[in-house]
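Below: one structure, written as structure tokens.
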Amino acid sequence: MTEEFIRSIKGTQDILPSQSHRWQVLEAVIHNTMDTYGYSEIRTPAFERTELFSRGVGEETDIVSKEMYSWTDQGGENLTLKPELTAPVVRSFIQHNLGGQSPINKLYYIDALFRRERPQKGRYRQFHQFGIETFGSEHPEIDAEVIALAMSVFNDIGLTGLNLKLNSIGSPECRDNYRNALRDFLKPHFNDLSETSQKRFENNPMRILDTKIPHEIEILKEAPNISDSLTAEDKAHFEEVCSLLDAMGTQYLIESNLVRGLDYYTRTTFEITSTELGAQDAICGGGRYDGLVERLGGKPTPGIGFAAGMERILLALGDDDLSGKTTQVYIVGLGDRVRPTVAKLAEDLRQNNVRTDFDPLRRSMKAQMREANKCGATIAIIIGDKELESGQAEIKDLKTGDQEPVKIKALVDHINSLTL
Ligand code: HAM
């Protein structure tokens, strides 16, 4: 038995070499799509002042009220490992006056986040998101672009069975009206509500719409609809988002109970779920937050974004082969004298961008050939004393088994001329 400290913390995971190539493929698709859509990467620190999240995300949210990893450091500062990225990106946007440099800022990130949730499949205490935050436009065309971008990454990586759920929760004023209407409706049912929902009744009744409890879902069937509380402008905005998505051929489902668990949202909210996942089926969540920059002390600036859980994406892909790159050439070196030749050849091939490996364990020919096959190489180059003397190495095609001698000096050119 290994000691406790040698085990990773509950809810955290090592990404081992057998898996890391899948992450790299996903990351490459993300970088590529972001580039195509004109988004630039932003990287923010791993921790921030706790107040940024309590003010940005909202005191009453699950994240802030019970899931943050927070501590007071030796200098008495209250700090928190970031549980989400919208607030840090807004902080950075304000601090560096990005809005003053350009009227529109399209930013993206890939990062690790921390939430002390109950771990289960698809839910971790350290997890990864990629996401975007766009500042400066209040218009529906950017809502449609943001949603289309998310779908584009998922399509390119090969995800199927996705459902895009869309809603508008309107402006803060109409949400106040709606909260009151919802409270009036729920009052007669108060005693039938769960403890959690009873707590939410006062502070955040819209969160009750998120319930997974069957009898609450039943009660809520008759609840007033947020769409009835939207102002004419909110309605027009939402209709245009929908018609732009129609024009782009993006399918969606309007779900009026979709409120999302963070306080900063206004107008458009959306979530993308996967039929390939269990209870934790949300791959991506996002929406508009037109009041957030101002709430955190910046100039009034509309914003919209989303974040997607990368572990969940990879889970939903199952064992789909996100083909990792394997070694192309394996050099089988035999005997002490060949070592400088093998080292130089490996280096020359690598400098020519050929994925090359050799055996640093000085094993037998048989063991090295086994390794060459195991690592997926297409070509094995065999060099022993005899080959060194004749100046000709043996080249073996590991797919066909064909073997031929090639001058050691001509090896790099020869390998370069092959399609590996
Ligand atoms: P969120 O809904 O809290 O939104 O998280 C977005 C996505 O992150 C979820 O849909 C899920 O895929 C993934 N996720 C969340 N918690 C976990 C967890 N414990 N383990 C694994 N995956 C998880 C936000 O974070 C907002 N900042 C999104 C946003 C950006 N809205 C506007 N801009």
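Read the numbers this way: they start at 1 and go in the same order the structure lists the ligands and their atoms. Since we're looking at a predicted model, the values are computed, not measured.
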Task: Shortest protein heavy-atom distance from atom 26 (C) of ligand 1, along with the residue and atom involved - done: Y264 OH, 3.3 Å

Nearest option to [atom], as decided by whichever heavy atom of [options] sits closest:
atom: atom 32 (C) of ligand 1; options: G303, G305, A308; value: G305
atom: atom 12 (O) of ligand 1; options: G285, P88, A282; value: A282
atom: atom 8 (O) of ligand 1; options: Q280, R312, Q129; value: Q129
atom: atom 21 (C) of ligand 1; options: G122, S274, C284; value: G122

- [ ] Run through R350, K344, Q351 and flag the one making a side chain to side chain donor-acceptor pair (under 3.5 Å) with D348.
- [x] K344

TODO: Using the salt bridge (charged side-chain N to carboxylate O under 4.0 Å, His left out) rule, pick out the option among K199, R207, R116 that qualifies with D62.
DONE: R207

Open item on the list: Using a strict threshold of under 4.0 Å (side-chain N to carboxylate O), is an ion pair present between K299 and E294?
Closed with: no

- [ ] Just jot down the side-chain contact (heavy atoms from CB on, under 4.5 Å) partners of R175, sequence neighbours excluded, or say none.
- [x] I169, P172, R179, M206, I226, T266

Under-4.0 Å heavy-atom contact with ligand 1, by part of [X] that carries it:
X: R260; answer: side chain
X: F270; answer: neither
X: R125; answer: neither
X: F306; answer: backbone

Task: Qualifying residues under side chain to side chain donor-acceptor pair (under 3.5 Å), relative to E195, sequence neighbours excluded - done: none

Task: Main-chain N/O of I208 paired to E216 side chain as donor or acceptor, under 3.5 Å - done: no

